[in-house]
Each structure stands twice: as C-alpha cells, then as structure tokens.
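Written out below as structure tokens is the structure these notes cover.
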Amino acid sequence: MKLLKITISIILLSYTLLSFTNINTSKYKCMIQLTNYTGEGAYVVVSLINPNGEYEKTLYVQGDDDEWYFDITEWWKFQGKVRANIDAVTGATVSGGQRTISILDIEDSKLNKGYKLRFETAVEDQEYYTSDVEFELTTENVKAKHEGKGFIRYVRLMPN
C-alpha cells in the first residue's frame, strides 16, 4: 500500500511539473516570393529539419487541397506517417510571380542548434523541388533573405 501511495505521488508530481513547463516560441513573418512561372498555383511546405536531417515538424503548408499533398513526396513520407493535424497551418496556393506572407512559430530552443528550415515546392504537371530553399536556423538567418532554386525566387524571414 505504501508503494502505491509513493507511485501515485510521483505521478502526480510529474504531471504537475510538466503542466507548468513552458515552451518558448517566437513568431517570424515569412514572405515567399515566387518566380514568374506559368501554370497552376504552387504548393509550398515549410518544415523544421532536425540536426540529423530528418523532418521534425510541419510549420506551414501553402495549398489547402490535401488530395495533392502526396506530390510533395519527401515531406509526404513524413506527414503521411505521422498524420499531424495541419489544418491550422495551411493557406491557398499562390501563382507564379505572386508572393505570400505567413507567420511561423518556431521554438527558441531550435535556434543555433543545427536545425534547418526547408521549403519544398511542387506545381501540378511540373517539377518538384525537395529543397527549393533550405538554410540553417540561426539568429542571423532568421533576419535574412534566402534565394530559391525552383519555383521560389526568394524567402525573407523577419522576427515579428
């Protein structure tokens, strides 16, 4: 009986401590400027990549028609397995030459620790770019402009 009381006390203490643990995040304004391509709107996925090069979290999805998500093949290998709810981080596609601005919530503990932001792009009946833009998540990089290799002309982040 005494062991049961101790076990319950430890569980309650652990739960109480975890309830008050606060994960500090910062908001970053993210502007994505697309190139002047022709065709359908681009799907863009912004992911947090851990220091081992693996997907850790989906931060934003530009394109709200989930029937096309599998076309973003590398991200879908991750998202299709974990099936995280991404409804709160989606927006409509953007066409060639246009820009979009969104807000990214990034945990402060991820800065300057080897994490990266990856921007993947796909356009129907055109190409797919796994790392259209990819850069290390550092204090300097979250204030910089980053050139794209595919449908993205550039990405600019600014602390919000």
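Excluded from the calculations below are hydrogen atoms, water molecules and symmetry mates; all remaining heavy atoms, backbone and side chain alike, are included. As the structure is a computational prediction, the values presented were derived from the model and not from experiment. Residues: numbered from 1 along the sequence shown.
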With sequence neighbours left out, write down each residue that passes side chain to side chain donor-acceptor pair (under 3.5 Å) with [X], or none if nothing qualifies.
| X | value |
| --- | --- |
| Thr139 | Asn112 |
| Asp108 | Ser26 |
| Glu136 | none |
| Tyr55 | Arg118, Glu120 |

Enumerate donor-acceptor pairs with a distance under 3.5 Å from any side-chain N or O in residues 95-105 to protein atoms, sequence neighbours excluded.
{"from": "Gln98", "atom 1": "OE1", "to": "Ser95", "atom 2": "N", "distance (Å)": "3.1"}
{"from": "Arg99", "atom 1": "NE", "to": "Gln33", "atom 2": "OE1", "distance (Å)": "2.7"}
{"from": "Arg99", "atom 1": "NH2", "to": "Gln33", "atom 2": "OE1", "distance (Å)": "2.9"}
{"from": "Asp105", "atom 1": "OD1", "to": "Lys27", "atom 2": "NZ", "distance (Å)": "2.8"}
{"from": "Asp105", "atom 1": "OD2", "to": "Lys27", "atom 2": "NZ", "distance (Å)": "3.3"}

Inset, instruction - Go through the structure and list residues passing salt bridge (charged side-chain N to carboxylate O under 4.0 Å, His left out) with Lys29, not counting sequence neighbours. - result: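 Lys29 satisfies salt bridge (charged side-chain N to carboxylate O under 4.0 Å, His left out) with no other residue.
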Inset, instruction - For Lys116, enumerate each residue passing the salt bridge (charged side-chain N to carboxylate O under 4.0 Å, His left out) test, keeping only those at least two apart in sequence or located in another chain. - result: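 Per chain and number, Lys116 pairs via salt bridge (charged side-chain N to carboxylate O under 4.0 Å, His left out) with Glu134.
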Inset, instruction - Flag the pair Tyr28 / Leu59 as yes when at least one side-chain heavy-atom distance between them is below 4.5 Å, and no otherwise. - result: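 Counting from C-beta outward, Tyr28 and Leu59 never come under 4.5 Å.
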Could you pull out every donor-acceptor pair under 3.5 Å between side chains of residues 43-54 and any protein atom, sequence neighbours left out?
{"from": "Tyr43", "atom 1": "OH", "to": "Asp65", "atom 2": "O", "distance (Å)": "3.4"}
{"from": "Asn50", "atom 1": "OD1", "to": "Asn52", "atom 2": "N", "distance (Å)": "2.8"}
{"from": "Asn50", "atom 1": "OD1", "to": "Gly53", "atom 2": "N", "distance (Å)": "3.2"}
{"from": "Asn50", "atom 1": "OD1", "to": "Glu54", "atom 2": "N", "distance (Å)": "3.1"}
{"from": "Asn50", "atom 1": "ND2", "to": "Glu54", "atom 2": "OE1", "distance (Å)": "3.2"}

Legend entry - Contacts of Tyr69 that satisfy ring pair (Phe, Tyr, Trp, His ring centres under 6.0 Å) - sequence neighbours left out: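 Tyr69 satisfies ring pair (Phe, Tyr, Trp, His ring centres under 6.0 Å) with Trp75 once adjacent residues are dropped.
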Legend entry - Test side chain to side chain contact (heavy atoms under 4.5 Å, CB included) applied to Ser109 - qualifying residues, sequence neighbours left out: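 With neighbours one apart ignored, the set is Glu107.
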Listed pairs under 3.5 Å, donor-acceptor, residues 143-155 side chains, sequence neighbours left out:
{"from": "His146", "atom 1": "NE2", "to": "Asn141", "atom 2": "O", "distance (Å)": "2.9"}
{"from": "Lys149", "atom 1": "NZ", "to": "Ser131", "atom 2": "O", "distance (Å)": "3.4"}

Legend entry - Residue pairs fulfilling salt bridge (charged side-chain N to carboxylate O under 4.0 Å, His left out) with at least one residue in residues 39-49, sequence neighbours excluded: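 Listed by first then second residue: nothing to list.
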Legend entry - Cluster link Phe70 to Phe78, ILVMFWY, side chain under 4.5 Å: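 Phe70 and Phe78: one cluster.
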